[in-house]
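Since the structure comes first, as structure tokens, the remarks are kept for the end.
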Amino acid sequence: MAISHAATSARPARRLWRRLTLWAVGLAVAVALASLAARWAHDAAIDKLRVAGAQRLDGYAASLENLLSKYDFLPGTLELNKDVIALLQRPGDEALRAEVNSYLEQLNRRSGSTTIYIVNLKGVTQAASNWRSRQSFVGDYVAFRPYVRDALLGIPGGFYGVGTTSGEAGYFFAHGIYHEGRMLGVATVKVNIERLERDWAQGAGKVLLADAKGVVFLSSVPAWKYRTLKPLTPAALRELEESRQYFSHALTPLGQRDQRQLDGGAALVTLAEDPRTPVLSQTRSLAPRQWNFVYLSDLGSARASARNVFLFALLVQALLLLLVLYARQRRQTREHLEVLVAERTASLQQMTHHLSEENSVRRAAEEKLRRAQSELVQAGKMAVLGQMAAGMTHELNQPLTALRTMSDNAQVLIERGRLDDARGNLATISQLVARMGALTGQLRQFARKADASRTAVPVVAAVTSALFLVERRVEQERVNFRLAVRDQDVLALCDSNRLEQVLVNLFNNALDAMAVRAERQLTVHVERANGRALIAVADSGPGIPDEIRAHLFEPFFTTKPQGKGLGLGLAISEQIIREFGGELRAEAAAGGGARFVIVLPLAEQETA
Ligand code: ADP
């Protein structure tokens, strides 16, 4: 008992667990799928950003190259100026210097550069476009500058740096000045390229331009300028100090950290200022100058699209789940209905089966009953036969005794020649025999097998015929006869002779009963009642006491004196009516007399 109880209570718990696990696994799978989709969306968005970034970088690089190439030729052209050559050949000629200074000033203004100046082979500036200003380069020693140094060594120089005198950044072009195959000095042009930053600041991403060492010298974000992409080596630091390329700037690292390397030199990185938000970093090198453009794209849009796709994927899965649940619910309901219908059908079939079984049982019972009834009738007839035999013996004994005596007497009377007396005796004998014949005739009728022939008998006509047979007696005994017909055309299904026989019998009994009465009223009612033919014979006789009523229909029951009644009339009548499927009953009449009621099937009904 305990085990089975534990088992039954454990089962729902286990089912609950299984269900919970299933849901958890389903949720995990859904989240995993949504994450995959989000990741895919994120990557797709990054790809898009990368393409856009690459385009931007190409554009920025092109515009930078464009700008710089414009000035590339400028230093070289200065050796074409005779005064420049002459000044380098005669450094003490102040008039010539003034001439060159003003030429450089004009050239600088026209070309849009920042400064143009001429350096001799010792590295001292001989003339400069800014000769008028307080920060005039004239007389400055600039040989330490890498571009000047390179140019003096015969290598045309290009260099970005912060001016030591002006403190202004710019790109320096330097080119040797040759005359008749001999270098006389170096021409330098400084160009301000910071104006590019203004264009960059208008773009979506952040742009920075770093030199070969990783020092950022141009940036759309002012704070990033003169910071480094990575920490500088001590050697690089020393070199920068010597060249004073970035003058007094601190050159601290931006603290860039790689998060993930992507295709095409792109990477997801974080910066020290916001170490938790990665950005897309793309680099494009400007090969001839060993510079690197870096383009940083904000990943906010990629994150937003990933988030949206994640939510959308979850939503779609939830919708799918709802659809599946809905379909399952529908299927279950349909199955439930089908089961219900099947159950109802089965129970109906069972009921039908039951009914037909019951029907056959009922029919069998009816058959049995009919057989029992007919057996009973037979048994009743046998019993009646016994009674009848006794009655017969009693009835026949007396005339037989009389017959013997009278025939003996007739013999004696003939022997004695008293023929008249003998003749009288024989006549009495003949009467006795006739009476005995009548008796046996009645018996034969009683014993006769039921005649099955039935026709539609007009009841009123049968009553009239029966009345005709007792008419003499009715007249003689001054009986008041009344025929009360409610339905004139009642047709009973029976045999007219036998119905008349029953009626005559009932009339005679009524007349017998009323014989001693002063008032004699015989009434016959004919009507249709409850779908049957009804004939009532009522008299104004003494009526039937209860103790007699119980035996009325028994054969040989009579209250009439010997020789007057046989006690077979009602028994035969009742049998006849019953054989026609009807009923004969006795009841008390309204005025205290007796009333016999014949009920018979209607012929109209049968034919209909
Ligand atoms: P019988 O007429 O030979 O006596 P029945 O079977 O016809 O035999 O009648 C049986 C008895 O029923 C009668 O003896 C009588 O006592 C009683 N009986 C019949 N008809 C009436 C009646 N109309 N009024 C009173 N008693 C009747």
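When a ligand or atom number is given, it counts from 1 through the structure's own listing order. Reckoned from all heavy atoms, side chains included, excluding hydrogens, waters and symmetry mates.
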Salt bridge between Asp421 and Arg418, side-chain N to carboxylate O under 4.0 Å?
yes
Please list the nearest protein heavy atom to atom 2 (O) of ligand 1 with its residue and the distance rounded to 0.1 Å.
Lys560 NZ, 2.5 Å
Find all atoms of ligand 1 within a distance of less than 4.0 Å from any non-hydrogen atom belonging to Ala510, and give their numbers and elements.
23 (N)
Which of the listed options, Leu568, Leu506, Thr558, holds the heavy atom that is closest to atom 4 (O) of ligand 1?
Thr558
Atoms of ligand 1 close to Ala513 [distance to a heavy atom under 4.0 angstrom, numbered from 1]:
22 (C), 23 (N), 24 (N), 25 (C)
Ignoring hydrogens, what is the shortest heavy-atom contact between Arg498 and Glu579? Give both atom names and the distance.
NH1-OE1, 3.9 Å
For atom 12 (O) of ligand 1, tell me which residue out of Asn505, Ile572, Thr559, Leu552 has the closest non-hydrogen atom.
Leu552
Test of proximity, Asp512 against ligand 1: N or O pairs below 3.5 Å
no
4.0 Å heavy-atom contact, Gly567 with ligand 1
yes
How close does the nearest protein non-hydrogen atom get to atom 20 (N) of ligand 1, and which residue and atom is it?
Asn509 CB, 3.2 Å
To the nearest 0.5 Å, what is the distance between CZ on Arg486 and CD on Glu527?
4.5 Å
Considering Asp539, Leu570, Ile548 one by one, which has a heavy atom nearer to atom 23 (N) of ligand 1 than any of the others?
Asp539
Looking only at heavy atoms, which two atoms of Asp298 and Leu49 are closest? And how far apart?
O-CD1, 3.8 Å
For atom 27 (C) of ligand 1, grab the closest protein heavy atom and report residue, atom and distance to one decimal in Å.
Ile544 CG1, 4.4 Å
Look at Glu366 together with Arg363 and state whether they make a salt bridge at an N to O cut-off of under 4.0 Å.
no
Is the shortest distance from a heavy atom of Gly543 to ligand 1 less than 4.0 Å?
yes
May I have the list of side-chain donor-acceptor pairs in residues 33-47 shorter than 3.5 Å, sequence neighbours left out?
from	atom 1	to	atom 2	distance (Å)
Ser35	OG	Val31	O	2.7
Asp47	OD1	Arg50	NH2	3.3

Donor-acceptor pair between Gln349 and His353 side chains, under 3.5 angstrom
no
Please tabulate, one pair per line, all N/O donor-acceptor pairs under 3.5 Å involving side-chain atoms of residues 323-344, not counting sequence neighbours.
from	atom 1	to	atom 2	distance (Å)
Thr333	OG1	Gln329	O	2.6

Quick check: does Pro542 get an N/O under 3.5 Å from an N/O on ligand 1?
no
What is the nearest protein non-hydrogen atom to atom 10 (C) of ligand 1, stated with its residue, atom name and distance?
Phe557 O, 3.2 Å
Tightest non-hydrogen contact, residues Leu314 and Ala30, listed as CD2-O, 4.0 Å
